[in-house]
Undergrad: 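Please read through the structure below; I'll follow up with questions.
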Amino acid sequence: MTLRLSRRAERLTSSLIRDILQVTQRPGVISFAGGLPADELMPPLDFEGLADDCRQYGPSEGEPALRSLIAERLSALGMDCSADRVLVTSGSQQGIDLVGKLFVDEGSPVVLEAPTYLATIQALGAYGAEFQGLPLSADGIDPDALRRAIARRRPAFVYLIPTFQNPSGYCYTDEVRHAVAAVLDETGVPLIEDDPYRDLVYQPVDRTPLCAYLEHAPWVYLGSFSKITAPGLRVGYLASSPSLFSGLVRLKQSSDLHTNRIGQAWLIRFLNSAGFDEHMAQMIRVYGERRDVMQIALLRHFEDLAEWRAPAGGLFFWLRLTAECDTLAALQAALGRDVAFMPGGPFFPATGLRYPALRLNFSHAAPEKIEQGIALLAEILGEYADRGRTRIAIRPSRACGPG
Ligand code: PMP
């Protein structure tokens with residue numbers, strides 16, 4: 001008897017990141033691959049004293065005290081958001097999945113950045129989304145290109161990561177934020193704004209959520225505690241404009257009833273504690289230093305191989321290679337020499353916009369390992385880059401960070 005699975009199941013692909021992460025758990029491997037917080041900076045977990053109530057089933061929308069804290073933070077950023085329109089999710093990844101369930105049928109068009117977050121491509125792709133990628137530069141997407149894409153084929157929604165984007169680290173300028181919001185308001189196309197990196201900021205840049213600028217277009221804003229506390233807690237959240245909220249709550253109920261109450265209770269206590277501000281300051285200081293160490297190492301070893309902008313926040317450098325390169329083969333060689341990176345290819349929603357690139361994480365490896373790992377990577381990529389033959393012209397774009 002043949003096993004009949006859904007079409008969705010047939011479309012599932014494995015995550016290259018998860019596959020690489022397995023290898024990088026080996027002791028001694030210098031990993032620039034995942035987007036992991038530094039182990040030594042995650043706050044210690046102490047569940048003692050949490051209310052016994054957390055053992056019981058809880059509200060699907062999340063713990064009221066956490067929803068209020070989130071609503072306060074989002075309102076302070078200029079968003080129209082009250083606690084009754086905040087849904088606590090099992091990581092912001094679940095928010096992406098719920099959005100897919102709410103909006104995407106087989107063949108539904110979705111507009112997103114190229115490159116964009118790999119797991120969004122996978123999650124929405126599984127629901128049958130057809131992607132229209134917009135080239136991303138250090139200033140953001142081109143608002144006119146967005147308008148043209150919407151006119152060509154009206155998408156179910158536009159998914160953007162305007163602040164310290166994954167994988168590029170780019171941050172939209174204030175001008176682009178306003179212009180993109182204006183196009184969405186004009187056309188009424190919903191915006192899904194994914195914003196898990198906003199608090200990891202190393203130099204002042206505009207970070208106002210695009211959702212705060214919208215007046216008419218429906219929106220969903222996705223946030224996360226993974227990058228600033230501990231991803232193992234699996235606590236993220238979404239907030240939305242009124243018309244979308246009840247659908248998202250019902251979909252959440254059918255997916256897992258509610259988010260982990262113990263994680264939520266721990267977070268409420270941690271966010272309200274005197275230690276939270278200190279923790280954030282330390283994380284920002286240490287990651288900022290690691291970013292600078294990586295920037296110096298890249299200048300030393302990668303100047304002939306790639307172009308990049310030092311990110312003003314987030315967790316990644318995005319290296320655009322100046323020559324064609326089989327980055328998957330280079331990755332195999334790198335793993336053989338105990339250093340890991342993410343090839344850029346899988347971050348592109350469509351092959352047409354692809355160019356050779358790598359994503360390098362700077363939060364996880366210790367500073368002395370960063371210099372060592374970058375030197376090794378440059379040596380390996382130098383062997384795989386098709387230099388001399390196919391040099392790629394890169395259009396200059398304005399930096400959002402230094403360098
Ligand atoms: N969105 C983006 C852009 C991300 O980079 C990540 C994590 N890498 C997520 C969502 C998911 O994060 P989490 O589920 O841990 O909140």
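One-based numbering, in listed order, for ligands and for the atoms of each.
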Undergrad: Could you check ligand 1 for N or O atoms lying under 3.5 Å from protein N or O atoms and list the pairs with distances?
TA:
unit_1   : atom_1 : unit_2 : atom_2 : d
ligand 1 : 1 (N)  : D194   : OD1    : 3.4
ligand 1 : 1 (N)  : D194   : OD2    : 2.6
ligand 1 : 5 (O)  : N166   : ND2    : 2.8
ligand 1 : 5 (O)  : Y197   : OH     : 2.6
ligand 1 : 8 (N)  : K227   : NZ     : 3.1
ligand 1 : 12 (O) : S92    : OG     : 3.3
ligand 1 : 14 (O) : S92    : N      : 3.1
ligand 1 : 14 (O) : Q93    : N      : 3.0
ligand 1 : 14 (O) : R234   : NH2    : 2.7
ligand 1 : 15 (O) : S226   : OG     : 2.6
ligand 1 : 15 (O) : R234   : NH1    : 2.9
ligand 1 : 16 (O) : S92    : N      : 2.8
ligand 1 : 16 (O) : S92    : OG     : 2.9
ligand 1 : 16 (O) : S224   : OG     : 2.6
ligand 1 : 16 (O) : S226   : OG     : 3.3

Undergrad: Applying side chain to side chain donor-acceptor pair (under 3.5 Å) as the test, list every pair that has at least one member in residues 277-286; sequence neighbours left out.
TA: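 Pairs touching residues 277-286 that pass the test: none.
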
Undergrad: Looking at D199 and K227, is any side-chain nitrogen of the basic one under 4.0 Å from a carboxylate oxygen of the acidic one?
TA: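 Answer for the salt bridge query: no.
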
Undergrad: Would you say the side-chain atoms of S168 and Q165 include a donor-acceptor pair closer than 3.5 Å?
TA: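 On atom types as modelled, these side chains qualify, holding a pair under 3.5 Å.
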
Undergrad: Report yes if the side chains of D195 and I161 come closer than 4.5 Å at any heavy-atom pair, otherwise no.
TA: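 They are not in contact (no side-chain heavy atoms under 4.5 Å apart), so the answer is no.
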
Undergrad: Which residues pass the salt bridge (Lys or Arg N to Asp or Glu O under 4.0 Å) test with R207, not counting sequence neighbours?
TA: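 Checked R207 against salt bridge (Lys or Arg N to Asp or Glu O under 4.0 Å); zero matches.
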
Undergrad: What residues, two or more places apart in sequence or in another chain, satisfy salt bridge (Lys or Arg N to Asp or Glu O under 4.0 Å) together with D256?
TA: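 D256 satisfies salt bridge (Lys or Arg N to Asp or Glu O under 4.0 Å) with K252 once adjacent residues are dropped.
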
